[in-house]
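Counting starts at 1 for both ligands and their atoms, in listed order. We're numbering straight along the sequence, starting at 1.
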Amino acid sequence: MGLYLYGSGGHAKVVLEIAEVLKLNIEGFVDDYAENKFLFNYPIYSSNNSYRNEEWIIAIGDNSIRKKIANKLSGTFPTLIHPSANISKRCLVNEGTVIMAGVTVNSSVIIGRHVILNTNSSIDHDCIIEDYVHVSPNVAIAGNVKVGECTHLGIGCCIIQGVSVGRNCIVGAGAVVIRDVPDGTKVVGNPSKKI
Ligand SMILES: CC(=O)SCCNC(=O)CCNC(=O)[C@H](O)C(C)(C)COP(=O)(O)OP(=O)(O)OC[C@H]1O[C@@H](n2cnc3c(N)ncnc32)[C@H](O)[C@@H]1OP(=O)(O)O
């Protein structure tokens, strides 16, 4: 049984390289919208093929699409952790989550299902990162922060300790979050404000 990557876009290319460095048995990609039949010599299949209890990584950056696909796929969802990531032995990483090169996760953190911890992001002690969150490259999250389901933290933003960011939020690139962010809010700037 091999691993299928659902999606064949830019994010999937980066996920592929983690699977390769981990020497996993990669079957190929699944993408109904791909223009080509292959990506880097791996086949791109249709989602209409018959799949039985396969291993999947949903390699799509958009949180709501990732959630939708997770809810319709059956099989197993491994976690992919790049060997250069520095993950505390006292944290919990749930199924389907991808952790990219250079990420740091410190003690007592809980990471949900199908989360993306993108390149060089840093998550400090006692944080809770809920399902389907995307933490973009170079994000810095201080201790005791909570990030709600499906929230996107934009590239290079930072969040001070103890703050709670709600569900379905967007934190803009480079934002500095110093206060709680309610569910469904888009914030930008330093200090971050709703737009
Ligand atoms: C590996 C990867 O590629 S991972 C993906 C990484 N990508 C990201 O992190 C993208 C993050 N996205 C952003 O920062 C976006 O700008 C968003 C989502 C915050 C806003 O996007 P939109 O809703 O389309 O807003 P829009 O571009 O219309 O801007 C609205 C206003 O907010 C301002 N604004 C937008 N983003 C930011 C930002 N990051 N910081 C400060 N101000 C911003 C704009 O200048 C504009 O201000 P104005 O009305 O005074 O002209």
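Applying the side-chain hydrogen bond (donor to acceptor under 3.5 Å, both in side chains) definition to pairs two or more places apart or across chains, those involving residues 17-29 are E20-Y42.
When L5, V15, N36 are each tested for a side-chain contact (heavy atoms from CB on, under 4.5 Å) with F29, only one passes: L5. The only option from V21, L39, I26, I57 that meets the side-chain contact (heavy atoms from CB on, under 4.5 Å) definition with L16 turns out to be I26. Under the side-chain contact (heavy atoms from CB on, under 4.5 Å) test applied with I60, the options I116, I69, D31 reduce to a single match, I69.
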H114 vs D131, test: side chain to side chain donor-acceptor pair (under 3.5 Å). Steps then yes/no.
CA-CA 6 Å; H114 303 286; D131 300 346; over 6 Å; no
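Residues with a heavy atom under 4.0 Å from ligand 1: N118, H134, S136, P137, H152, G154, I155, I170, G172, A173, K186, V188, I195.
Using cut-offs of 30° and 60° for the angle between ring planes, the Y4 and W56 rings count as tilted.
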